[in-house]
Amino acid sequence: MAVLEAADRVGGRALTEKSSAGTALDLGAQWIGHDHVQMATLAREFARPLFPTPQFGKSLVLTHRGPVRLSPLTVAATGWALLRLELIARTTVRAGWDRVTLAEFVARIPGARAQRLTSVVLSEAFSCDPGEISVAAVVHGIRSVGGLRVMLSTAGGAQQSLLTGGAGALAQALADELGSAVRLNHRVSAIERSPAGVVVRSSAGTMAAERVVVAVPPPVAAMIEHRPTLPGERRHVQQNTVMGTIYKAIAVYRSPFWRGQGLSGESIGLDGPLPSTFDVSPPAGAGHLCILAPGESARALDRLTAEVRRDALLREVARHFGSGALEPVDWHEKSWHTDPFVMGGYSAFPRPGHLDALMSAASPTGSIHWAGTETARRCNGYLEGAVESGKRAALEVLTGLGAQP
Ligand SMILES: Cc1cc2nc3c(=O)[nH]c(=O)nc-3n(C[C@H](O)[C@H](O)[C@H](O)COP(=O)(O)OP(=O)(O)OC[C@H]3O[C@@H](n4cnc5c(N)ncnc54)[C@H](O)[C@@H]3O)c2cc1C
């Protein structure tokens, strides 16, 4: 068995870096949900306990003028729109919802501020602009994680916990167990299928095998050449799914200073350069403030130099959380959509009108088995889904080889 990894590191969309304060920070996946049992089990196995995501103080809704108090009408209209999505998720999804974009759904919400709030919340949850995703795809995501309340919540939801040492470091610990089976800098460029099995061509040579598991998102898998050509159904999956667009930064401070002002560190920006912030600090010591920018806001940040981007974001954080924000002890950032191997995040979603592409992403093609979070039924788009998909693909391979699982 060999694991061919294109990059010079393992982890993919999980990437842990060390701050100058000595703390571990996740530039990719970070939260583990309340019912993410596969991840909780791995965390236990590798003695990396989960700890609660900090939740102290007041969260802010921001405009370029500063924090705002939402009117009861805005709260009601936004709540109703979100409830409607939850209700659609709990019933049979009409085929027509796949042709309606989230932007069109939002345009029917009464009130400009409620429209903006709903857009920002869902763009951040799905890492795309509302015009890029259909209502059916949003509802599919909501279902797979167990409901909208779960998707958006910290305690009792998908953001309940953080992982000691970081999610990327857990991937590295798994790779360490596999030792020399993991080959870095081996980008797979082509797979040839024959009755005898597969020949896998990578940037570092050729390998023959009985079966292969391709554990990359469908739009990334589309970069691999196939002989013979893949069947139409599989090409449909690869051509009609797109990666999300997401920028993430972590500002590291000596302490989570915002808590002293009664603030949670969590904010949502309705306009201006700061879409969302979260407190993802370790249990003691340093303060970690996470900044997430999806879709067009992420692309706008790409157009700035690293220094201008950092200054603009920190100035904005300081306007709302106090001048202490201007002097972090460390700053880490990543534009995931510009990573040549990952190509975006949080995950891939179907183009409007093509939800079926995601639904058949797990169907094997002869001796090729497809894994990765996009193929998961449960927690599609999350680390949990990735682990579940790996187990499912491994079982398919063992069954195919006639081995006892
Ligand atoms: C900013 C961000 C925040 C996120 N936050 C969370 C979170 O808080 N909680 C959560 O559960 N999930 C989160 N996610 C999603 C989570 O990271 C993914 O669901 C998960 O990591 C997907 O794992 P995977 O193994 O399916 O794919 P990947 O992690 O993408 O792994 C695929 C691997 O394949 C490699 N590869 C690509 N092409 C080739 C090739 N041709 N040959 C060989 N190797 C190749 C890549 O380098 C990569 O290492 C986040 C993602 C991002 C980007």
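Each ligand, and each atom within it, is numbered from 1 in the order the structure gives. Keep in mind that what you see is a predicted model, and the values were worked out from it rather than measured.
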Backbone of R149 reached by a side-chain donor or acceptor of S153 within 3.5 Å: yes
Side chain to side chain donor-acceptor pair (under 3.5 Å) against R259, all qualifying residues, sequence neighbours excluded: D279
With T277 via side chain to side chain donor-acceptor pair (under 3.5 Å) - residues at least two apart: S267
Salt bridge (Lys or Arg N to Asp or Glu O under 4.0 Å): pairs with one or both residues in residues 219-246, sequence neighbours excluded: E192-R227, E225-R227
Heavy-atom pair with the smallest gap, counting every atom of L358 and H140: CD2-CD2, 3.7 Å
Side-chain (T16) to main-chain (D26) donor-acceptor, under 3.5 angstrom: no
Mind listing the N or O contacts between ligand 1 and protein, cut-off under 3.5 Å?
from	atom 1	to	atom 2	distance (Å)
ligand 1	8 (O)	Q30	N	3.0
ligand 1	8 (O)	W31	N	2.8
ligand 1	9 (N)	W31	O	2.9
ligand 1	11 (O)	L383	N	2.8
ligand 1	17 (O)	R13	O	3.4
ligand 1	19 (O)	G381	O	3.0
ligand 1	19 (O)	Y382	O	3.4
ligand 1	26 (O)	T373	N	2.8
ligand 1	27 (O)	R13	NH2	3.0
ligand 1	29 (O)	R13	N	2.9
ligand 1	30 (O)	R13	NE	2.8
ligand 1	30 (O)	R13	NH2	3.3
ligand 1	41 (N)	V188	O	3.0
ligand 1	42 (N)	V188	N	2.8
ligand 1	44 (N)	A6	N	3.0
ligand 1	47 (O)	E5	OE2	2.6
ligand 1	49 (O)	E5	OE1	2.6
ligand 1	49 (O)	E5	OE2	3.2
ligand 1	49 (O)	G12	N	3.4

